[in-house]
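Notes follow once the structure below has been shown.
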Amino acid sequence: MTKPVLEVEGLVQRLQDRERPEEFVVRVEQRLTVYPKDFVALLGPSGCGKTTLLTVLGLLRAPNELADLKQFSFWVEEGAELKEVDLKTAWQRRRRALVEGVRRKHIGFALQSGELLPALTVRENIECPLHLNGWSSLARRERASHLIGAFNLRRAVAEAKQAGRKKEGSYDLAEARVNKLSGGEYQRVSLARAIAHKPQLVFVDEPTAALNRELAKGALEQFKQMLEEENRHAATIMITHDEELAEEFATVVIRMEPSKNEAGGRVVEVMRKAECGVAGMKEGD
Amino acid sequence: MERFGYSVKLAALDFTRLWASTQHHVIIVAGIVLPILLLLGLKRGHVAELREELLCSPTGRQVMFWSGQQGALMTTALLGEIEAQVDGVEIALPEIDRIVDLSAGDNEQGVTLFATKPGDPTLVQAGCDLSGDSPMGLVLSRLVVTKLAVSIGDDVVVTVRRRAGGREESATVTCQVAGVLDQPTEKTAIGFANFELLDKFEQWIRGFQVGSLDWPSSGEQVGPKYPEYLVFLEGRSSKLTDDDIRSLGYRGFEVAEDVTESEERLGGYVQADKAEALRIMRLRPIRGADAKQSFVNYSAAELESVTQADDVVVPWNGFFEVAESGKKLMGLSLKRRTWLRNYLVEPDIAFHSSVDTASYLPAGDQAALQVPLRDGVLLNVGPYKPETVGGGDGGEEDAGAAEAVEYPQDVFVVPVQFLARLRAYGRGDAVYDAATGGFVPVPEPSVYGKAKLYAKTIDDVPPVVDSLLSKKFSVISESGRISEIHEQDSSLQLLVIVVGLGVFLFGVLTVLSVLVDSTDRKRGVIGILRVMGVSREGVFILVLIRAAAIGVLAGVVAGVAGWAIEYVLGLQLPADSVLAAWKPDINIDIQAMDVVVVMLGAVACAGIGAVFPAWKAARLDPFDAIVEGRFS
């Protein structure tokens, strides 16, 4: 039986916000399971709690109703096998270092606005998670160069070389600060950084928020291809409003809707596409 | 460790590459620490100067003293001893002054010169101290310099005047202007001269010769003094009565009979056949502890009147051997009419008591005589032609005896006063004044009525005063002023501490606020780092490192700015320039150590100020930080 990457059931996340008059509650009552090679599209209208769900699933925030939480597990790669990390227990025991370790090593984020570090170059941004995970200098360089090439981030210099001359004002994107990048380049760097340390689960937040659909699709295709080639256990959770994008890329669609009785939202549907053909995917009620 | 190193690298890259967003933080922190640096510079410069002026003010350190209770003479030697032996004394000076005339070219000005010497704190403070190698230097007030139209280095002629023998005399010496005393509040014609020069002026005015300035004496010769007298009585059995001896004793004389043969014959000038008829005794002053008391100056007539006997008293200096001549001088002066003249080989061979010259009476074929003095000087003792004194009572007998006279060839008769002065010269009690051709008194050391000293600091004044009082000097000092100065000094120190503390506390608060703002602006970055797995501790360290870098750079900026201000304030602008009127006369002394201290202070300030922002940053919710960071 195929082991999942992430499994959660009975998640209730309450948010207290001084600026909101009432509590905001996100509920995942059914079991959610993400398997290797899944490309999950988390769909729903604005304000239904998609990002809140992302922060919990991405281990950025602790679930605050641990008593209701039936299961919260993450399977990390150990050699060829996947080993379960019981995150519910880790949160209960306040093992913050363990949780942060799982997040640092096994989760990647490509956030809505790219969120690159402005002081660093493209290469340095891509190398950042590698530094944090203790990769050697040589391995970092090779990995970053590979991703820079794969995400077509040498364009300007390549064009200059092709023209047979050093174009005035041309620069190597890899060595350029990120404030020199176009929107598409920025998003590609963000995606490259998200998968640089070969995580098992990558969160992609609203890829079309800052880009037009075509550019976003191009970037996602490169991303998906890289992920599938490099890590057979890796899965992706993409938050989006874009049904068309979900239709094109997702193998699993999770729908959320605003709750009727309270402020917040809940997961109402988990649908696996038939053509995905992955066994063992359990859909909630 | 690797992650820590990476945090440092991220902080450094953030600091340098995002300089545009960091520079104002550096400038703000530099603006806070710069006043602290300037305060340190002021403390080391201007405040130290003020404090030095207070604690080392000549006025506060001055002690006036005189020998009212002690009665000892205040001499240069005594002042030297006080300077050397009393702890805490910087310098001691006689309190004397002398009015002189100064001239330069056609300009003249009467000036009161006060005593000073190199290191005189009053002149040191005024910046016009006499240097040690200019004993003839004068420090003159601006008024005098202006009237004489001279400047530093120019010659001025000092004229000193005295009255001697009913006439006015003057002497001049050329001195140099060594300094100008600017005392805008005192428009008086004053100056300062080395006290040794003023002593010489004083000696000359008192009639002494001043050899070092080639100033002659007033011509008044040293008073003749005699170590003994010879008492001549007629008849071998004659003698002084007990009453005579007692009366002489009352006057400090003792009578002895140890007269030599040569003295009995007065060097051969007593007729040989009459010598037996004379009885001669010796009168000596009863010697006291002071050797000078062994020489007295009683007139022969006075001593003769003391006794009832018909004696003749002769002041006696013995025989003076003239070097390298084989000759001797004998001082012999007698009244015009006295029976003793009849005993001489010739009555007129003794000088009359009133004759007081450097002469000898020619006897036989004796030639002129040269008496060698010190330093190769030869004193000519020439023949003297006396008036005929006429001898004593037996004029006819004398005339008959004169034909058979045999004069001693090796003894010259000179006035007794002259020989007494020659003896005084030999003893060092007189000097030969070539200008007047006489023996004049040796200048006596100056004696001062009052003196002043300067203690090294005002704190040394009380023990110095105690020491002087224990030596029975009368003392006036500024003890009350010293307490006042101590209070002012404490106030000054307190002011520096309070202002420094205030600036430092304000600095910490401002840095705190700046770094909170800076950290808020970095929330997005912090959120990204947290999302990628940087721990809270990592974020905390990152913010602290960045704050420390801001502190170091702010210290450097403050140091450079501080030195620039120090340079500008230290510029000497021409007095007539417009800027000079605006430039504050303030001394800032910033040393490298101050900059290091301020840099460490800035780092500490930034570090302390960064603790809260760093803690706040470490506790940020990663996703909230990112979202909020998008709008900051």
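The closest side-chain donor-acceptor pair between A:Arg123 and A:Ser145 falls under 3.5 angstrom. Side-chain atoms of A:Gln16 and A:Glu23 include a donor-acceptor pair closer than 3.5 Å.
The two residues B:Val552 and B:Val603 make their nearest non-hydrogen contact at CG2-CG2, 3.5 Å. Taking all atoms of both residues into account, the shortest heavy-atom contact from A:Phe151 to A:Arg188 is O-NE, 2.7 Å.
A salt bridge between A:Arg104 and A:Glu100 is absent, with no side-chain N of the basic residue lying under 4.0 Å from a carboxylate O of the acidic one.
In this structure, B:Met599 and B:Val556 have side chains that are in contact, with non-hydrogen atoms separated by less than 4.5 Å. Looking only at side-chain heavy atoms (C-beta outward), A:Met256 and A:Val26 come within less than 4.5 Å of each other. Between B:Val595 and B:Ile590 the shortest side-chain heavy-atom distance falls below 4.5 Å.
Atom CG of A:Leu6 and atom CZ of A:Phe72 lie 6.0 Å apart (nearest 0.5 Å).
Contact annotation for A:Leu120: both backbone and side-chain heavy atoms come within less than 4.5 Å of a heavy atom of chain B. Contact of B:Asp14 with chain A is made through backbone and side chain together, with heavy-atom distances under 4.5 Å. Interface residue B:Leu13: backbone and side-chain heavy atoms are both found under 4.5 Å from chain A. Contact of A:Thr121 with chain B is made through backbone and side chain together, with heavy-atom distances under 4.5 Å.
Relative ring orientation between A:Phe74 and A:His106 is described as tilted, the plane-to-plane angle lying within the 30° to 60° band.
Of the listed residues (A:Leu132, A:Thr55, A:Leu60), the one with the most heavy-atom contacts under 4.5 Å to chain B is A:Leu132. In terms of heavy-atom pairs under 4.5 angstrom with chain B, the leader among A:Gly108, A:Gly134, A:Gly58, A:Ala119 is A:Ala119.
For residues 532-548 of chain B, a heavy-atom distance under 4.5 Å to chain A picks out B:Met532, B:Gly533, B:Val534, B:Ser535, B:Arg536, B:Glu537, given by residue number. Of residues 189-204 of chain A, those residues lying under 4.5 Å from chain B by any heavy-atom pair are A:Arg193.
In this structure, A:Arg95 places its CZ atom where only 12 or fewer heavy-atom neighbours from other residues, nucleotides or ligands lie under 6.0 Å away. Other residues, nucleotides and ligands place no more than 12 heavy atoms under 6.0 Å from the NZ atom of A:Lys105.
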